[in-house]
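See below for the structure under consideration.
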Amino acid sequence: MSSEQMNLSRELENAALECADMGGFGVLPSPYRRAFVDALQSDLDAGADLIGLTASLAKLRPEEMLSLAEPLRGFLTSPEGLGISDSDLPIDAMDYLSLLVFLRGEMDEGHLPYRDFCEMAHAAGEGRTLAEGLARSDRERLVRQRIEPVLRRLWPRDDARVAAEVARLLEE
């Protein structure tokens with residue numbers, strides 16, 4: 001496959017960016033999805049590889065796009081990961097969109113320990129299982145940005161207790 005085929009077409013890049021910017025990959029239907037699916041399918045019909053395209057899309061918008069390349073592919077299919085059968089992985093644009101929307105919904109509902117596909121990719125890159133949750137860097141960011149301020153409000157005069165709780169939360 002040529003490098004030109006591995007790169008996103010301008011139409012697909014624009015459709016993906018517009019759909020992501022307008023929140024089109026959430027669980028609610030969006031008019032931007034059709035343009036994205038049509039552009040992705042057009043690239044696939046022209047001979048592009050879905051795994052390569054999704055990897056490029058994930059580089060373009062890592063929070064919004066799911067790469068089907070390794071190591072995320074292994075996480076998706078591993079019994080310790082999401083446990084999706086290889087035969088159930090996307091083979092066309094509509095399958096990809098369906099998986100994207102389904103997983104986004106699971107994250108939004110709190111059924112998965114990730115806020116976005118970037119966090120999922122980080123966990124997969126560290127070889128974490130679903131049960132092990134967030135990658136170290138994402139866990140630290142969550143604790144520092146969201147939990148530590150709450151602890152400081154609970155114990156405004158006890159910096160030692162806050163520090164001890166933060167340290168405990170960051171232990172592996």
Side-chain angles (χ1 to χ4, degrees), residues 1-78 81-126 128 130 133-146:
M1 180 166 299
S2 74
S3 63
E4 293 160 3
Q5 287 176 318
M6 289 300 290
N7 293 331
L8 302 172
S9 68
R10 175 67 65 200
E11 182 182 346
L12 176 55
E13 184 177 329
N14 289 339
L17 289 172
E18 184 172 38
C19 195
D21 289 345
M22 301 308 285
F25 295 117
V27 285
L28 297 175
S30 160
Y32 302 99
R33 286 184 188 172
R34 176 81 297 179
F36 170 73
V37 167
D38 289 346
L40 179 57
Q41 192 60 50
S42 177
D43 280 14
L44 293 172
D45 292 344
D49 172 58
L50 183 61
I51 293 171
L53 288 176
T54 62
S56 295
L57 287 168
K59 287 177 184 172
L60 185 66
R61 283 292 172 91
E63 297 84 12
E64 300 287 336
M65 302 291 184
L66 174 69
S67 173
L68 296 177
E70 292 297 338
L72 205 44
R73 185 180 191 84
F75 178 80
L76 293 171
T77 59
S78 168
L82 296 184
I84 299 172
S85 168
D86 278 327
S87 62
D88 289 333
L89 286 177
I91 57 172
D92 63 19
M94 191 54 81
D95 287 349
Y96 176 72
L97 176 66
S98 296
L99 181 61
L100 200 72
V101 170
F102 172 75
L103 291 176
R104 166 62 55 206
E106 293 296 295
M107 287 186 278
D108 290 347
E109 293 293 320
H111 300 167
L112 293 174
Y114 316 106
R115 289 181 294 176
D116 56 41
F117 293 116
C118 193
E119 287 185 352
M120 187 184 289
H122 292 160
E126 284 188 6
R128 291 187 176 265
L130 181 59
L134 294 172
R136 179 97 176 122
S137 61
D138 293 325
R139 181 182 178 89
E140 185 170 338
R141 184 173 36 257
L142 174 68
V143 169
R144 300 268 183 223
Q145 290 178 353
R146 294 194 141 180

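Side chains are part of it too, since the values below use all heavy atoms of this structure and drop only hydrogens, waters and symmetry mates.
Shown here for L76 and S67, the closest heavy-atom pair between the two residues is CD1-O, 4.4 Å. Between P113 and E119, the closest heavy-atom pair is O-OE1, 4.3 Å. Between R128 and G133 the shortest heavy-atom distance is CD-O, 3.5 Å. Residues G26 and V101 share a closest heavy-atom pair of O-CG1, 3.7 Å.
For Q41 (side chain) and A93 (main-chain N/O), a donor-acceptor pair under 3.5 Å exists by modelled atom type. Of the possible donor and acceptor atoms, none in the side chain of D43 sits under 3.5 Å from a partner among the backbone N and O of L12. Side chain of E126 to main chain of R136: a donor-acceptor pair is present (N/O by atom type, distance under 3.5 Å, no hydrogens or angles). With E11 contributing its side chain and A15 its backbone, the two residues share no donor-acceptor pair below 3.5 Å.
At a threshold of 4.5 Å between non-hydrogen side-chain atoms, the residues L53 and L40 count as touching. Between L89 and R73 there is a side-chain heavy-atom pair separated by less than 4.5 Å. The side-chain heavy atoms of T54 and L66, taken from C-beta on, include no pair separated by under 4.5 Å. Side-chain contact between Y96 and V37 is absent, with no heavy-atom pair separated by less than 4.5 Å.
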Item to check | CA sep, side-chain torsions, deciding dist, call: L103, F25, side-chain contact (heavy atoms from CB on, under 4.5 Å) | outcome: CA-CA 10 Å; L103 291 176; F25 295 117; over 6 Å; no

Item to check | CA sep, side-chain torsions, deciding dist, call: I91, L50, side-chain contact (heavy atoms from CB on, under 4.5 Å) | outcome: CA-CA 7 Å; I91 57 172; L50 183 61; 5.6 Å; no

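Here L112 contributes atom CG and F117 contributes atom CZ; the two are 9.0 Å apart, rounded to the nearest 0.5 Å. Note that OG of S56 and CG of D49 are 9.5 Å apart. Values are rounded to the nearest 0.5 Å. Of the inter-residue distances, the one linking L142 atom CG with Y114 atom OH reads 13.0 Å to the nearest 0.5 angstrom. Distance check, rounded to the nearest 0.5 Å: CG of L57 to CD of E13 gives 9.0 Å. Between L72 atom CG and T77 atom OG1 the span is 9.5 Å, to the nearest 0.5 Å. Rounded to the nearest 0.5 angstrom, I51 CD1 and L68 CG are separated by 6.5 Å.
Legend: ring-ring contact (aromatic ring centres under 6.0 Å, His included) pairs involving residues 48-67, not counting sequence neighbours: none detected. Residue pairs that meet the side chain to side chain donor-acceptor pair (under 3.5 Å) test with at least one member in residues 17-33, sequence neighbours left out, are D21-R61. Residue pairs meeting the salt bridge (charged side-chain N to carboxylate O under 4.0 Å, His left out) criterion with at least one member in residues 89-108, sequence neighbours excluded, are R104-D108.
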